[in-house]
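Okay, structure first, notes after.
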Amino acid sequence: MNRNLIIGGLLSSLFVLAALLSFVWTPFDHAAMDIPAKLKLPGAPHWFGTDHFGRDMFSMIMVGARTSIAVALVAVGIGMALGVPLGLTAAARKGSWLDELIMRGNDLVFAFPSLVIAILITAVFGAGALNAIIAIGIFNIPVFARITRSAALSLWERDFILTARVSGKSSARISFEHILPNVMNLLIVQGTIQFSLGILAEAGLSYVGLGAQPPTPSWGRMLADAQTMVSFAPHLALVPGMAIILTVLGLNLMGDGLRDYLDPRLRVVRT
Amino acid sequence: MLRYALKRLLSLLLSLAVASLVIFFVIEVAPGDPASFMLGINAQPETVAALRSELGLDVAKWQRYLDWTGGMLTGDFGTSYTYRTPVAEMIRDRLWVSLPLALYALTLSTAIAFPAGIYAASRRGKPGDIAVMGATQIGVAVPNFWFAMMLVLIFAVNLRWFSAGGFAGWDTGVWTGIRSLTLPAISLALPQAAILARVMRSSLLDILGEDFMRTARAKGLSRRQALWRHGMRNALIPVLTIIGLQFSFLLAGSIIIEQVFYLPGLGRLVFQSISSRDLIVVESVVMLLVFSVILVNFLVDLAYALVDPRLRART
């Protein structure tokens with residue numbers, strides 16, 4: 001175990017726990033307005049203060065954590081579910097037209113930043129949290145496809161794979177039985193990084209109105225609401241901002257820690 | 001080299017063609033007819049039909065696709081449904097904000113990241129390195145639009161050094177323009193600089209461990225001389241990739257930052273167009289952004305091939 005892993009793990013699990021706890025308990029009802037108690041600074045009984053409608057910021061952060069985590073997690077899931085098989089296939093058929101097609105397709109998707117995908121989807125279907133999931137998810141596909149392919153390519157040269165081939169296993173079976181378990185560590189580390197990038201991306205999309213819509217609480221939306229009031233109520237921006245920074249920091253530290261823990265030789269691409 | 005460049009150019013054109021197809025047909029499945037949207041629900045069917053033909057919506061899809069892409073090649077992006085002005089003009093006006101902003105941010109990010117990365121690498125494992133790496137770890141985690149809000153709070157609201165937002169235009173003088181883009185550029189640049197500094201550091205550390213660096217030292221060069229004469233050029237390769245990638249991210253990221261500072265750039269244009277269903281504008285801006293990503297990647301690839309002949313052999 002190393003320090004990064006412990007600190008990062010603790011920070012990230014804090015927010016995951018807050019999100020889970022929010023399903024059964026929050027200090028106040030996150031949607032309940034209490035105009036007389038509006039714009040209260042952090043203190044008792046509102047630990048993180050209240051917003052311009054007198055809503056409890058602590059409860060909103062807890063419920064907002066759900067949105068952030070759910071969007072980023074599902075987006076990583078989409079990226080892995082589609083990207084990993086594509087990467088495995090490309091590696092197994094190295095140099096073939098299929099490999100070429102997958103890699104060129106990857107390059108193409110890579111030319112669409114997630115914000116641009118979100119703009120396209122929103123122009124067509126209107127705004128919503130689902131758009132953010134799809135946009136970030138699509139963006140994740142080539143990331144996972146690329147690292148899976150490059151890691152798998154070097155494995156295909158190894159003797160134990162040759163043994164498997166000699167024993168008559170098909171390349172699809174080899175990919176899933178021998179290659180996949182050996183790239184799993186790399187995928188877990190990259191998954192953590194993409195998870196943290198997903199949280200940042202979700203916040204940005206919600207901030208510009210392309211992500212979660214009211215009344216769904218989201219950290220990005222809280223920041224958008226705070227914008228006009230930041231000069232006289234800075235806590236409206238500080239609280240959600242800190243939530244985002246600490247979660248992302250925690251996940252990044254955890255990613256670095258996991259990398260060192262699982263395999264010090266691993267290299268993760270971070271853009 | 002020429003062969004390699006042609007090959008890459010061919011793949012660039014192919015990517016652009018496929019990207020334009022994807023963008024056009026994604027937007028085409030959008031529900032709602034721009035003509036009926038513009039005229040409201042009480043419009044006569046004949047009026048809607050007349051407007052549809054005026055906007056060129058009544059011809060076959062593939063024909064419109066060809067008109068759109070053919071037009072873009074000649075600089076004609078069509079006419080905005082809502083403003084009835086050429087889209088190319090609207091985009092050009094907005095680009096005068098977004099492009100300088102992205103370039104400004106890129107310059108800042110490079111200017112911060114290079115010294116930071118070099119310093120950290122030269123003090124590997126020492127407190128200086130740990131401090132820089134800690135700062136970059138936080139820089140990577142900070143959302144740029146939140147950072148922008150904090151900059152406004154500190155430098156515009158409290159210290160009153162800069163205006164909180166808006167853009168007076170370049171007509172009022174280059175200095176005024178640069179001034180109103182400074183806070184936005186810093187907020188875009190710092191998180192990117194954090195990433196770039198990390199890449200710079202690790203790339204330098206990799207190079208310092210190479211045999212040719214030991215040889216350079218063995219022939220009597222000082223650490224510094226060896227680094228500048230032989231190390232830098234090699235260390236810059238991964239750094240260049242990231243700078244190339246970052247430019248596209250900065251251009252897209254400026255869309256969000258423009259919202260914080262109320263800048264009349266591409267971002268505001270695209271959001272206005274989405275809400276007024278001015279899809280031809282959305283289509284064209286998205287195409288432009290994607291084009292810039294593809295073009296920058298192409299240029300980075302060419303720059304590599306120039307620096308490193310080994311890469312020309314690979315496709």
Side-chain angles (χ1 to χ4, degrees), chain A residues 4 100 103-105 107-117 119-127 193 196-197 199-205 207-210 219-220 223-224 226-227 230-232 234 236-238 240-242 244-253 256 267 269-271, chain B residues 11 14-16 18-19 22-23 26-31 137-138 140-147 149-150 152-153 156-158 164 191 195 198-199 202 241-242 245-246 248-249 251-253 255-256 259-260 267 270-271 273-275 277 279 282-283 285-286 289-294 297 315:
Chain A
N4 278 349
E100 190 66 16
M103 294 321 286
R104 289 289 85 82
D107 290 347
L108 186 74
V109 178
F110 224 65
F112 288 78
S114 55
L115 183 67
V116 170
I117 303 177
I119 288 174
L120 270 180
I121 300 176
T122 310
V124 178
F125 301 107
I193 303 289
S196 85
L197 288 176
I199 290 199
L200 276 178
E202 190 277 335
L205 291 177
Y207 172 75
V208 291
L210 298 179
W219 295 344
L223 284 172
Q227 188 167 348
V230 72
S231 55
F232 53 89
L236 292 188
L238 279 174
M242 281 303 157
I244 296 172
I245 295 172
L246 290 177
T247 313
V248 173
L249 187 65
L251 286 168
N252 283 342
L253 288 177
D256 287 356
R267 279 289 183 72
V269 188
R270 192 207 299 253
T271 50
Chain B
S11 111
L14 196 67
S15 311
L16 285 178
V18 180
V22 171
I23 293 168
V26 165
I27 293 280
E28 281 304 306
V29 303
Q137 193 64 270
I138 293 171
V140 172
V142 172
N144 54 14
F145 61 96
W146 178 82
F147 186 54
M149 289 166 76
M150 294 299 117
V152 169
L153 185 63
V157 177
N158 289 328
I195 299 172
R198 295 179 78 89
V199 177
S202 65
T241 325
I242 303 295
L245 277 174
Q246 285 197 340
S248 345
F249 276 96
L251 205 56
I255 289 182
I256 292 185
Q259 298 299 108
V260 184
V270 111
F271 291 124
S273 310
I274 288 179
S275 49
R277 303 213 63 72
L279 294 180
V282 180
E283 242 165 43
V285 175
V286 166
L289 288 172
V290 171
F291 170 73
S292 72
V293 179
I294 294 179
N297 283 341
T315 42

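Letters go in sequence order (proteins before strands), and every chain restarts at 1.
- For B:Leu153, the part lying near chain A is the side chain, with the backbone staying farther off; criterion is any non-hydrogen pair under 4.5 Å.
- Residue with the most contacts toward chain B among A:Gly220, A:Ala226, A:Gly204, A:Pro240: A:Gly204 (heavy-atom pairs, distance under 4.5 Å).
- Proximity of A:Ile244 to B:Trp146: side-chain heavy atoms (C-beta onward) are nowhere separated by under 4.5 Å.
- Here A:Leu115 contributes atom CG and A:Leu120 contributes atom CG; the two are 10.5 Å apart, rounded to the nearest 0.5 Å.
- Just one of A:Asn252, A:Leu251, A:Ile245 meets the side-chain contact (heavy atoms from CB on, under 4.5 Å) condition when paired with A:Val248; it is A:Asn252.
- Within the 4.5 angstrom heavy-atom criterion, atoms from both the backbone and the side chain of A:Ile119 approach chain B.
- In this structure, chain A has a heavy atom under 4.5 Å from the side chain of B:Val270, while its backbone stays farther away.
- Between chain A and the residues B:Ile274, B:Ile256, B:Val285, B:Leu289, the most heavy-atom pairs under 4.5 angstrom are made by B:Ile256.
- Both the backbone and the side chain of B:Val260 come within less than 4.5 Å of a heavy atom of chain A.
- Looking at heavy atoms from C-beta onward, B:Val140 lies in side-chain contact with B:Arg198 at the 4.5 angstrom threshold.
- Contact annotation: the side chain of A:Phe110 never approaches that of B:Asn297 to less than 4.5 Å [non-hydrogen atoms, C-beta and beyond].
- The contact between B:Val157 and chain A is made entirely by side chain atoms (from C-beta outward), counting heavy-atom distances below 4.5 Å.
- With a threshold of 4.5 angstrom between heavy atoms, A:Ala224 does not approach chain B through any atom at all.
- Side chain of B:Gln137 to backbone of A:Leu249: no donor-acceptor contact under 3.5 angstrom is found.
- A:Leu108 touches chain B through its side chain: at least one heavy atom from C-beta onward sits under 4.5 Å away, while N, CA, C and O do not.
- A side-chain contact (heavy atoms from CB on, under 4.5 Å) with A:Phe112 holds for exactly one of B:Val293, B:Ile294, B:Ile23; it is B:Ile23.
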